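Written below as structure tokens is the structure these notes are about.
Lettering follows sequence order; numbering is per chain, from 1. Worth saying up front: this structure is predicted, and the values here are computed from it rather than measured.
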Amino acid sequence: MPQPETSPDRLGDRDLRALPSKYYVSEGVFQREKELLFFRTWQYACHSSEVENPGDYVATDILGQNVFVVRDQDGEIRAFRNVCPHRSHKLVEGRGHTTVLVCPYHQWSFSLDGGLRRLRKTPDSQAPAAGRVCLTPVRCDRMLGFVFINLDDDAASIAETWPGVEAHILETCPEVMSYKLAEGASAVPPADVDCNWRIQVDNYLECQHCRHGHENFADMLDICNQNYTLGANHAYYFFLSAGKADNKAYPLDPEHDVMDLHFWFLFPNIGFGQFSGPGNLSLFQWLPVHTGSGIRVNASLEPAEPTDPGMKVRQALRTKWGEEVLQPEDLAFMRSVQVGMHQHTFDQGWYIVDRESQEFSEAMIRHFHQLYQARMAAPEPSAN
Amino acid sequence: MNTPQSHAAFSNAPDADLQSSFVLPAWTYTDPEIYGREKREIFYRTWHYAGHRSQLAEPGSYVTAVIADEEVVVVRGREGVLRGFFNVCQHRAHPLLKGAGQTKLIVCPYHFWTYDLDGSLRGVKKGSGMSCFDKGSAQLTPVAVEEFCGLVFVNLDADAQGLAEQVPGLEKDIRRLIPRYDEQVPMQEMAMFDGDLKAGWKVTIDNILECNHCTNAQPGSGGSDQHGELPERHLRDLVAPVRAGDQD
């Protein structure tokens, strides 16, 4: 049906032009992203079970800014800059357990709430009073058992940043709170991905390439039955399962497995997904290393107890499929796009927007880019 | 390595007066900024070999080529016209065709955007609720193509002077000096000169522009072959002390 030019269902050419390619290759853009996005948004740090007991800690970093998460004596989860106020040495490495945080360089020691306990001096030394020195706290919040940190002290809470998302995930995947962090998940290093982090996010946010690019995945889904919703600061999409126990991706057990697929995208760089198969919820975090390279952090939850004797085998087959089929297929596309973004006649691509079909629509990419550009247009943060 | 004080020094180096002339300074062989300028000022504005006429004989036959960071495709249209394009999809920047071969349409492997052999956008995957855009507003970006002595060249600068015009008399010389030139076809095995030399492009060209080193180094080039070393080895030795010269 012909529609007037002003209708929101008929977008003009300008509204369909994608984020310019300079955003995928520019060093200056990368520096601004650090300041305006990654140092000012909620970033995944660890799962709360990794800091289960008082004194458990996990060291992490956000683009080179070192932070650690620790559970204090009262059971509260806290985060601090992982840097000694004395001579800026790193306080803790990796993960572990301690009653006192001791800097390896000059042995300044701190309690688990960040207060200075002791520094080495004689009675005649001139030294700062203990009350004047403490570790620098970092904002810390939780969602679905995952611990997030935010380097911006003034940032809104997770509930305010992504309103309703946690409740929606719990409603859609009601078993999630009984899940535990998948066995061995803490030991899995992030995957290196040699393309810009937004190419990874763009690829996650559309399934136009699925039917031909992931043929076995497409066989598992009822690929026509998918849809999406855009939230203020997130997006959600789902695929109904084709209900095939035997399909070209990996075997399913309709009696014990979750069948439909649900994905959430939390601006700017967090994904939650439930795949078909044994109960699961995966967290993804796409981070830049540089303009043309990034990492993908993945932390997955699984049922605390096997639902049936065959569950472990089906889980292993799904993991193998992810590692050996799905990810290499996506990686080949994403690497090629990175090369293309450098071509000097490619200035900007196009969005295909389709209100009736997630299969063909790239409305979520467009939404992501709009949120991104709004953030990147913000004035530079003040010098302090 | 000597660090350049400024790039102005560069323009002073070679001189028309051979008595007082110096060679290009070493840093011009290794400096990444110089390489960036070379790409913009030289490689993206000059003619580069893409393939042989015999690879592009039939309608729909194509070859791809890489010029520094840019990829191009040359394809013969259904009506017989040879055209060249940047090998990049206008949708999400994915490269379009690989290697060489034969195709009816140019189809992007990522989301199946489909282009005609003349570069116009022909089809986009979409559903019924699609927000339409004018297909005429997205098409492949053309590059200049010229067949010269049966060799197909491309130039990213659409306004460049034609290759034959730039080298008047060369075609005539080639046909005079190489008997039965038009009967020759590309060698199947190109290993003799193909490959990654691990040497900057200027080192390589300097090496073929003199034969001062031929009598004592090049096996089979007329001189003594006492060391049995390959020319490639010499190129590497030349570039080794000033690293970062690898322009793969």
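For B:His111 and A:Glu206, the side-chain atoms include at least one donor-acceptor pair closer than 3.5 Å. Side-chain contact, B:His91 with A:Glu362: a donor N or O sits under 3.5 Å from an acceptor N or O.
Put simply, CZ on A:Phe346 and NE2 on B:His94 are 12.0 Å apart, with the number rounded to the nearest 0.5 Å. Expressed to the nearest 0.5 Å, how far OG1 of B:Thr141 lies from CD of A:Gln343 amounts to 10.5 Å. Once rounded to the nearest 0.5 Å, the distance linking CZ of B:Arg92 with CG of A:Asn203 reads 9.5 Å. Distance check, rounded to the nearest 0.5 Å: OH of B:Tyr110 to CG of A:Asp330 gives 6.5 Å.
Remark: aromatic rings of B:Phe112 and A:His209 are distant, center separation not under 6.0 Å.
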Query raised in the report: Does the pair B:Phe85 and A:Thr345 meet the rule for a side-chain contact (heavy atoms from CB on, under 4.5 Å), with working shown?
Result: CA-CA 10 Å; B:Phe85 303 102; A:Thr345 54; over 6 Å; no

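Only the backbone of A:His342 comes within contact range of chain B, with at least one heavy atom under 4.5 Å from a heavy atom of that chain. Interface remark: A:Phe333 contributes backbone and side-chain atoms alike to the contact with chain B (heavy atom separation under 4.5 Å). If you measure heavy-atom distances from A:Asp347 to chain B, you find no contacts under 4.5 Å at all.
Shown here for A:Ser336 and B:Pro95, the closest heavy-atom pair between the two residues is O-CD, 3.2 Å.
Between A:His212 and B:Val107, every side-chain heavy-atom pair lies at or beyond the 4.5 Å cut-off.
Using a distance-only test at 3.5 Å, with no hydrogens or angles considered, no donor-acceptor pair links the side chain of B:Gln90 to the main chain of A:Trp350.
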